[in-house]
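Owing to the predicted nature of the structure, the values given are computational and were not obtained by experimental measurement.
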Amino acid sequence: MSSTDGKAAITKREPVLVDLALQGGGSHGAFTWGVLDRLLEEPWIKIEAISGTSAGAMNAAVLVDGWSRDGANGARAALDAYWRRVSRAAAFSPLQRSPIERMLGRWTLDTSPAYLAMDMLSRIFSPYDLNPTGFNPLRQVLADSIDFERLAASPIKLFITATNVHTGRGRIFRNSQITPEVLLASACLPTMFRAVEIEGEPYWDGGFAGNPTITPLIRESDACDTILVQINPRERRDKLRKAGDILDRLNEISFNAPLMKELRMIALLRQAADPGHGEGARWARMRTHRVMSDRLAEFGASSKLNAEWEFLALLKEEGRKSADAFLASHAADLGSKSSTDLDVLLQEC
């Protein structure tokens, strides 16, 4: 059977319910956009629920709203329109690549005067000092991109995580609770933006508590397959010598830690769960998959603030390629078995 025939056979297969777990990562969320764009081309993949944090929350909400309007084509169009709006809004930001970075073909902002100034000032002044009005360009982008009433009524379940500043605990917001403020809270980096108040409580980026949160996908979704789209590299073999590189790696570890802890917990519960009775059956039946790209680690942490259209388009294409490679290797695993072994995580404890 040729590869074309194999792809056609997979396309004609029975539908498979899947959940999506989408990490945050600033403009690197355009990689997730590419992954979603490719997955939405497969009519046999039926999205039951999505858990998202930060940029993953934005992608999730835009997809669900677009799907509610016009199915997979509506979701793909909505994601494209959203990221184009993000790029247009970023064109007015002082955070731009320096001439040196452009000349060398780098996508980082490491030598950008505005980025260096912001980084220095953020160590001395808070967003309450530097941004007293609480301006966030994403607020208007979200208002133009999402119909929140339609989102509330969508059949696709949505779980958005934000971190309560007072308690340090994550709060999960569901479809009917999601507003522009909830999405902004999920992406609120405390050194850049003031905490977002929701029902009198201040919230920061959901990545501190769950990046993304997996548990509600297992407990509240009928799907047994969860596809994790991972942006933040789990491992780096580089020798870290520069102060900025050390801080960037600390942030990566911090934002990956809640996810790794939750996946270890899930691996333990799967081993102990009774596959034939009650909620234990849900844990035992869970199948996990992962889409990621080593190339994201090459761009550097400051590139997460670079929203030039050329960079976003590059990340989208990388996401599509990664999703295509995943489907080529593991499409048959969906609905059948895990393609990622969580038990390996237990050996690291």
Side-chain angles (χ1 to χ4, degrees), residues 22-37 53-59 62 79-122 127 130-131 135-142 145 184 186-193 205 207 211 229-233 236 238 242-245 247-249 251-252 255 292-322:
L22 310 180
Q23 269 200 334
S27 66
H28 287 194
F31 169 82
T32 302
W33 165 31
V35 173
L36 298 174
D37 190 69
T53 296
S54 195
M58 310 291 182
N59 276 319
V62 171
L79 285 165
D80 183 273
Y82 167 76
W83 283 101
R84 288 182 184 275
R85 290 188 181 102
V86 168
S87 181
R88 287 196 294 269
F92 299 99
S93 169
L95 297 175
Q96 305 289 338
R97 285 187 296 162
S98 71
I100 294 176
E101 287 160 336
R102 294 178 186 275
M103 181 177 65
L104 295 177
R106 296 174 181 167
W107 296 105
T108 58
L109 304 177
D110 293 344
T111 62
S112 164
Y115 175 78
L116 293 172
M118 182 194 73
D119 184 55
M120 184 182 301
L121 289 172
S122 68
L130 300 175
N131 187 9
F135 173 74
N136 188 328
L138 277 180
R139 182 175 279 105
Q140 187 59 49
V141 171
L142 292 172
S145 302
L184 291 174
S186 184
C188 179
L189 293 173
T191 58
M192 293 185 64
F193 300 106
D205 195 295
N211 193 20
V229 183
Q230 194 163 357
I231 291 179
N232 293 317
R236 282 188 185 270
D238 314 5
K242 297 180 180 179
D245 292 339
L247 287 173
D248 291 341
R249 185 56 184 152
N251 285 331
E252 286 177 349
F255 278 110
M292 62 180 297
S293 171
D294 293 335
R295 191 177 180 191
L296 293 181
E298 300 174 5
F299 294 125
S302 66
S303 68
K304 292 180 179 180
L305 297 176
N306 181 356
E308 295 175 53
W309 179 249
E310 292 79 7
F311 185 46
L312 299 182
L314 183 154
L315 289 167
K316 178 195 177 185
E317 185 58 28
E318 184 64 22
R320 283 188 57 86
K321 288 179 181 178
S322 298

Contacts of Arg320 that satisfy salt bridge (charged side-chain N to carboxylate O under 4.0 Å, His left out) - sequence neighbours left out: Asp37, Glu41
ring-ring contact (aromatic ring centres under 6.0 Å, His included) partner of Phe311, chosen from Phe31, Trp107, Trp83: Trp107
With sequence neighbours excluded, residues passing side chain to side chain donor-acceptor pair (under 3.5 Å) with Glu317: none
Qualifying residues under side chain to side chain contact (heavy atoms under 4.5 Å, CB included), relative to Phe92, sequence neighbours excluded: none
Residues that Thr32 engages under side chain to side chain contact (heavy atoms under 4.5 Å, CB included), provided they are two or more places apart: Leu22, Leu36, Asn59, Val229, Ile231
Partners meeting side chain to side chain donor-acceptor pair (under 3.5 Å) with Thr191 (sequence neighbours left out): none
Partner set under side chain to side chain contact (heavy atoms under 4.5 Å, CB included) for Leu95, not counting sequence neighbours: Ser93, Leu109, Ala114, Tyr115, Met118, Leu305
Qualifying residues under side chain to side chain donor-acceptor pair (under 3.5 Å), relative to Ser303, sequence neighbours excluded: His28
Those residues that, when tested against Arg88, pass salt bridge (charged side-chain N to carboxylate O under 4.0 Å, His left out) (two or more places apart): none
With sequence neighbours excluded, residues passing salt bridge (charged side-chain N to carboxylate O under 4.0 Å, His left out) with Glu318: Arg295
Partners passing side chain to side chain contact (heavy atoms under 4.5 Å, CB included) against Ser186 (at least two apart in sequence or in another chain): Thr53, Ala57, Ile160
Separation between CZ of Arg97 and CG of Asn306, rounded to the nearest 0.5 Å: 6.0 Å
Pairing of Arg102 and Glu308 as salt bridge, 4.0 angstrom limit: yes
Pairwise distance CG(Leu116) to OG1(Thr111) - rounded to 0.5 angstrom: 7.0 Å
CZ/Arg85: more than 12 non-hydrogen atoms of other groups inside 6.0 Å: yes
